[in-house]
Number of protein chains: 2
Amino acid sequence: MAKAKWVYSFGDGAAEGRADMKNLLGGKGANLAEMSNLGLPVPPGFTITTEVCTVFYDNGKTYPASLQNEVAAALAKLEASIGARFGDRENPLLVSVRSGARASMPGMMDTVLNLGLNDETVLGLASRSGDERFAYDSYRRFIQMYGQVVLGVEHHHFEDLLENHKIDIGATLDTELKASDWKQIVQGYQDVVEHELGKPFPQDPQEQLWGAIGAVFSSWMNQRAITYRRLHNIPAEWGTAVNVQAMVFGNMGEDCATGVAFTRNPSTGADEFYGEYLVNAQGEDVVAGIRTPQHLTIAGKLANKSTLPAMEEVMPGVFAELNKVRLTLEKHYRDMQDIEFTVQQAKLWMLQTRNGKRTAPAALKIAVDMVAEGLIDEREAIRRIEPGSLDQLLHPTLDPKAKKTILARGLPASPGAAAGAVVFSADEAEKRAAKGEDVILVRIETSPEDIHGMNAARGILTTRGGMTSHAAVVARGMGRPCVSGAGDLRIDYKAGTLSVRGTVVKAGETITLNGTTGEVILGHVPTIHPELSGDFATLMGWADKLRQMKVRANAETPLDARTARKFGAEGIGLSRTEHMFFDATRIIAVREMIMADDTAGRRTALAKLLPMQRDDFAEIFEIMKGLPVTIRLLDPPLHEFLPKSEAELAEMAKATGKDVETIRHRAHALHETNPMLGHRGCRLGISYPEIYEMQARAIFEAAAKVLKDTGEAVSPEIMVPLIVSKKEFDILKAMIDKVGAEIAEASGVTVPYMVGTMIELPRAALLAGEIAKSAEFFSFGTNDLTQTTYGLSRDDSASFLGAYQKQGIFEQDPFISIDTEGVGELVRIAAERGRKTRPDIKLGICGEHGGDPASIQFCQEVGLDYVSCSPYRVPIARLAAAQAAISIAPAETTA
Amino acid sequence: MAKAKWVYSFGDGAAEGRADMKNLLGGKGANLAEMSNLGLPVPPGFTITTEVCTVFYDNGKTYPASLQNEVAAALAKLEASIGARFGDRENPLLVSVRSGARASMPGMMDTVLNLGLNDETVLGLASRSGDERFAYDSYRRFIQMYGQVVLGVEHHHFEDLLENHKIDIGATLDTELKASDWKQIVQGYQDVVEHELGKPFPQDPQEQLWGAIGAVFSSWMNQRAITYRRLHNIPAEWGTAVNVQAMVFGNMGEDCATGVAFTRNPSTGADEFYGEYLVNAQGEDVVAGIRTPQHLTIAGKLANKSTLPAMEEVMPGVFAELNKVRLTLEKHYRDMQDIEFTVQQAKLWMLQTRNGKRTAPAALKIAVDMVAEGLIDEREAIRRIEPGSLDQLLHPTLDPKAKKTILARGLPASPGAAAGAVVFSADEAEKRAAKGEDVILVRIETSPEDIHGMNAARGILTTRGGMTSHAAVVARGMGRPCVSGAGDLRIDYKAGTLSVRGTVVKAGETITLNGTTGEVILGHVPTIHPELSGDFATLMGWADKLRQMKVRANAETPLDARTARKFGAEGIGLSRTEHMFFDATRIIAVREMIMADDTAGRRTALAKLLPMQRDDFAEIFEIMKGLPVTIRLLDPPLHEFLPKSEAELAEMAKATGKDVETIRHRAHALHETNPMLGHRGCRLGISYPEIYEMQARAIFEAAAKVLKDTGEAVSPEIMVPLIVSKKEFDILKAMIDKVGAEIAEASGVTVPYMVGTMIELPRAALLAGEIAKSAEFFSFGTNDLTQTTYGLSRDDSASFLGAYQKQGIFEQDPFISIDTEGVGELVRIAAERGRKTRPDIKLGICGEHGGDPASIQFCQEVGLDYVSCSPYRVPIARLAAAQAAISIAPAETTA
């Protein structure tokens, strides 16, 4: 580390860094360097590397020895480049200080502007700019920002003082304040800081600079940042960089402006310049959503029915230059960019570029369009789409025919529809969502403190802020529907109400958001299924071409099976036969079977179930048209089929002809302390072979019938659950094979089939080599395997799993994303040992993990043949499987 | 297999086999060969090998092609040796056919005698022996035995016929029957067979011979044999041999006899000739216990107050010869022998020798004595003792001061005392024992069919049979107290009563047996702890010298700790702190803690528990005098401490000052679907750190106090349960270390301690390498590890585990003997990975398996540092650990 370079300079058409140095310089720093290298107008500055952050935390929050000198050198270079000097009372250099991690992190300190101002340099700024009012306005902004984010003085102290001053002089808008007012406010702000902290606001620019640098590094470990990293799986080890850059001013007059833009439309993906700007403003004014911004383009202005002039009209020359920058950046980065710019006295300055966040349909359209444009290849297009984001395309939208009472309209900030109970705070949102409630988070505006609530909510509504406000950007990233800037709505946090023109919605009452149109609707509106675009089919086609693993669905009803096929499932990986037992007409026979005194009695009851199960299977076989259908034999313990309430007990007594006491006694005998580890799965098949025999019979009879009736192939894969040893599997397989032979004989039709097992207990994984001597396929039941490997009941873990994630003990919920270290090792062991015994053994996964992209990546690494997931996640799995295949062999190209 | 030799001859001072060929010839066959080689008088014969049995079952119950010829050749050799011919009507060769497996197996077909007799050869036997009565008596015995064991005709058919005949002629005893009677009975028996089977009794001696051979091989797979193998862990693959041997007759007159003997006293181990004989009888008469036998020696006769003359008196010459054989055999086999002999017309014939079964005290004494005699070395002495048998030495005996109502006296057939409810059938015994009841099995006599009931019973009482009766031999082997031949008692199976002189004991009423004295006592008699002999200490000393693993005890009370030390425990491997929470005065504070609304409330309640836990630990530390004490922090879920009944609920409400509804609500909130996989173990420590903090404080304060007060060392090992990841362990270890440092600071005493973890979940085993970075020791919690590896709840598995064992799916109950394949692999993985990270990591086991000899062997193979078990099993573990050490390095000698 002794010879490490801690500081990288950029600006003046050159830089020491590059875009591919994100890990070292952070995203912002790397891209500032890259833009400099591209010759774009970037205010000069320097980046302190993320490695400094690591050293900082590894050494009790101290800096590397040589950092001081390197910063001084870079600052000197910057002074030379600008021709101004830091702390100079004549011609002071002012800088911004920004955090910048490898990935964008709203949880951290964002920006301190105008750093370098003090009671003396403010005079220099006034004289150099010829605008005293501007100079003191800049100074008060600096004190406020620095006071808040570096010194930790609360926001409201500054705002109260400003509001009081405005009242004193009878002003309403900031623009009414004169230089003398700002001077007084500057003094007032300094008093506030001294009062709050017991020491004066720092006048030494060096102290200011190191204070801001320290604040950035410290913000890496604040609670918001930690929460954000947890939600986005960002390791704490990455660290953040610090960017120090010469100030340019968008608020020096009417020939100044500041704005943010996307090189394409981030909502739809359309190839149009899409952005907002404010004349005579600093950048934070746009992002914070305090003033309603104007559109960049005339088209944008018209499309959004804005009455304010577009930049294209107001500053045509600068706009043209900006549009050229847009094209340069897209061509260079080969991706849609999210840019920030400032116009100072009619000169354009680029402050940031980064890959822009986008909705799922936009991501899809941009990826597919860019392939057509020759910018990227199909593999890259596949890589660009976050599989989980497809959820947004697959989830329901509002039924257009439903009657809707529209409360208000805001901006369509993040597409999709959601309904839920109104809550007014992030904490409340999280609390109620944890109880399984659907909630809509309603805020005047949102800030990084609200992220956990936004994540918990079904949708987000704000009354202030534009399409690029915090609420809008975060909601799009999270795939939550969002309506922003619905200014007609009045929020009273204290009263817990949302009101508009006499209608009052209280906390807890239901509203519906349409994030695609911006409508806020009273009550709960029904939804319909989404239409999938042609881009979706195109991308899925590429994914199917690239992936190696098959994708199946978990389905037991004909509806599920049809949905699965519609979404491209290549078979059924798990059909849970017990779900077929709960039907009202069947449960009686099931209960008769449970109450039977002997095998004969059970057989009589099972005979009633046989034709029903046969019909179930026949219908599924027909729908799947020869694709493999894995049917799991009865799995849950018998007591799950017994009634719980007294009324049901009485009903069951009547239906089965037994008295209530007998049933109660049987239920008592079947009760288990730990049903998860009890008399279930193949243990039922060993104790009551007649049950599995009936199920096998139903499968074979259905298969024979479908084969005969339709002439189409049928591929049943009979799966025995909860196996721990070869012996128990052998006993059951022999029985299944016997039934199969009997029905082949009786029907004259031989159905090809396989008999395999779930690998869902650690012992089965360890003994997989033995079990594979008999089992023709393995399906990893990673739900139960996770429960047993961790000794963790999914039903009971909610009470402490949260604490475990918060304390970083579990990085992720192991039931959502597979634990590759523990559970994963068992899967790997089982796959290896199974293949060693039976090289052509078919391996799949049918736990919930089968639809989780990270887990699918793991399945690819282990070399499974297929994943199986719920029908709605099939497209996600298809895409994730393609990405996994690409990640394994990234060097190949296909485009 | 084509060139295999299937038949081995023996006799005439030479044999083709040897004692070390037991696997091939079975125990009986190998020893007959060995005795022949020793020049002892063995009737000549041949052994058909166990490999034939294997071939028989592998090939659909057919014999190897060359077997027929080999048997014919061996038979011809036998004829030549004896000078008689098989099936010869003048001088017929008669043979016995016996089964003989590698291990003695009472479950199989035992013996057919006098084979070769038919309507013609019986005339030859009559003329050669000059005793027509003897000849027909022999013939009827043969028909009955053959009819029963080979042809499957039920016993009572023959007995009814004989009884009826006796009534017809007015006879009471068999001896009153004349040759003509036996002739009639022979005819009657033949009619019985023909009536039952629809075909005549086989007259062809070859057919008889092959029938008997087939019956022996078939008996290997009968239900009794399968049960016996299951109980004794004998693999089905071993097979049985068949021994065909020339008949000698103990029932040809008053100069004939038959007997069984042990070369030392099998009850006490005393070096005295110990046996019984009957004049003019066949061997089965002694073993079956139908006639009460006489003693071999005068000393034996006197000691047992027998009025019948000893063999030493009746046949002094033959006795002297037999005594010489006894000494020869002991010297040769270097172990106590169980022999069978027959005297035919004053000539001694040896029919069998084998290592004799013995009581645990006898085994101990014999082993120790034989070391003193120079016959064996200490390692061999250690190897000789079945560790489980020590249970017999350690279990309570009757309190001699207790008042006893003696019902009757029988023979002290198997030492020890037991009380329980009277049951009259083996099935009933098994049924009631399965419900947790203590039962005494009461039978007129026992047979191999009763083994499962004998195993289930606490003790066995018979009204017929001697010290070598079936009941006595089996009970000694099983370590069950047994009183045999209590002839005063009258059993009425139908009425379900046991009566003696007007006292009637009904089924279900309690009696007590004293197997050491032969007393049968009315009601339940209190017991006292056993005194251990000097031999025990001697053997344990050798074991301690030889073993490599330490032996600790699981103990949480001072009584347990003292018992553990008394039995030689070298520390405490598991002290379950929650057991200390259930005390009446403490449970209130525990419940207050559970009901507390916040951390402060919990701390208040915990503060009440602190001094109590501190005192607990202090007392244990004092008792253990510096030996390591592993204390496990709170493990069970909190709901285990809440009351179950309404009355208790009300009481708790009063004690905690909460209303019943609040408590019910809390109990409801704490309820878990699968508590085994729930909020327990270290998860409590993460959720409520104050609990573990209090426990850590109690441990450190107690340790500091004891160190100060006594000046003796204290070695606490603090164990965190249910760990699945390094992170959770680190959080808790940091807390424990902090408390430790605080108390070291406050007390001025630094106690050396370790912090380690249970490895009781599969993930912990897999991640052991990581966890060992922080954990200083691992203790394998194989109870929970078995539950999770198998997905098998110990509380719920009873309903199907029996079926699993019966069907051979589980060879053993995995909760009793460790599953070396699955659970064992995880233990092995964890041990390897733990050691790789931390070479000096201390490894132990504290599950129930820690006291199971087979599991201890496994622990030695894995290289654990210690095993920990319940105090009473400590000696068993010490011995088993020594045996395990010897088995690992068998070549070394120490004697």
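Throughout, a chain's letter reflects where its sequence line sits, starting with A, and its residues are numbered from 1.
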**Q** Can you tell me which of B/Glu821, B/Arg794, B/Gln787 forms the most heavy-atom pairs within a distance under 4.5 Å of chain A?
**A** B/Glu821

**Q** If we define contacts as heavy-atom pairs under 4.5 Å, which of B/Val724, B/Leu801, B/Leu677 has the most with chain A?
**A** B/Leu677

**Q** Do A/Arg763 and B/Glu825 touch side chain to side chain, with heavy atoms closer than 4.5 Å?
**A** no

**Q** Quick check: closest heavy atoms across A/Asn674 and B/Asp796, and the distance to 0.1 Å?
**A** N-OD2, 2.8 Å

**Q** Counting heavy-atom pairs under 4.5 Å to chain B, which of A/Ile731, A/Thr789, A/Leu767, A/Leu670 comes out on top?
**A** A/Thr789

**Q** Do you know which of A/Asp784, A/Leu766, A/Thr673 has the most heavy-atom pairs under 4.5 Å to chain B?
**A** A/Thr673

**Q** Among B/Asp730, B/Leu826, B/Val823, B/Ile809, which residue forms the greatest number of heavy-atom pairs with chain A at distances under 4.5 Å?
**A** B/Ile809

**Q** If you count heavy-atom pairs within less than 4.5 Å of chain A, which of B/Ala764, B/Gly678, B/Ala803, B/Ala669 leads?
**A** B/Gly678

**Q** Can you tell which of B/Lys727, B/Arg680, B/Lys726 has the highest number of heavy-atom pairs within less than 4.5 Å of chain A?
**A** B/Lys727

**Q** Under a 4.5 Å cut-off applied to non-hydrogen side-chain atoms, are A/Glu728 and B/Gln807 in contact?
**A** no

**Q** For the candidates B/Gly822, B/Gly681, B/Gly791, which exhibits the highest count of non-hydrogen atom pairs separated by less than 4.5 Å from chain A?
**A** B/Gly791

**Q** Any idea which of A/Gly808, A/Ser797, A/Ser687 has the most non-hydrogen atom pairs under 4.5 angstrom with chain B?
**A** A/Gly808

**Q** Surrounding CD of B/Glu811 (heavy atoms of other residues, nucleotides or ligands, distance under 6.0 Å), is the total greater than 12?
**A** no

**Q** Would you say the side chain of B/Arg683 lies within less than 4.5 Å of the side chain of A/Leu792, judging by non-hydrogen atoms?
**A** yes

**Q** For residues A/Tyr790 and B/Leu761, report the shortest heavy-atom separation together with the two atoms involved.
**A** O-CD1, 3.2 Å

**Q** Do you know the tightest heavy-atom contact between B/Ile686 and A/Tyr804?
**A** CG1-OH, 3.5 Å

**Q** Is A/Ser725 in contact with chain B via its backbone, its side chain, both, or neither, using a 4.5 Å heavy-atom distance?
**A** side chain

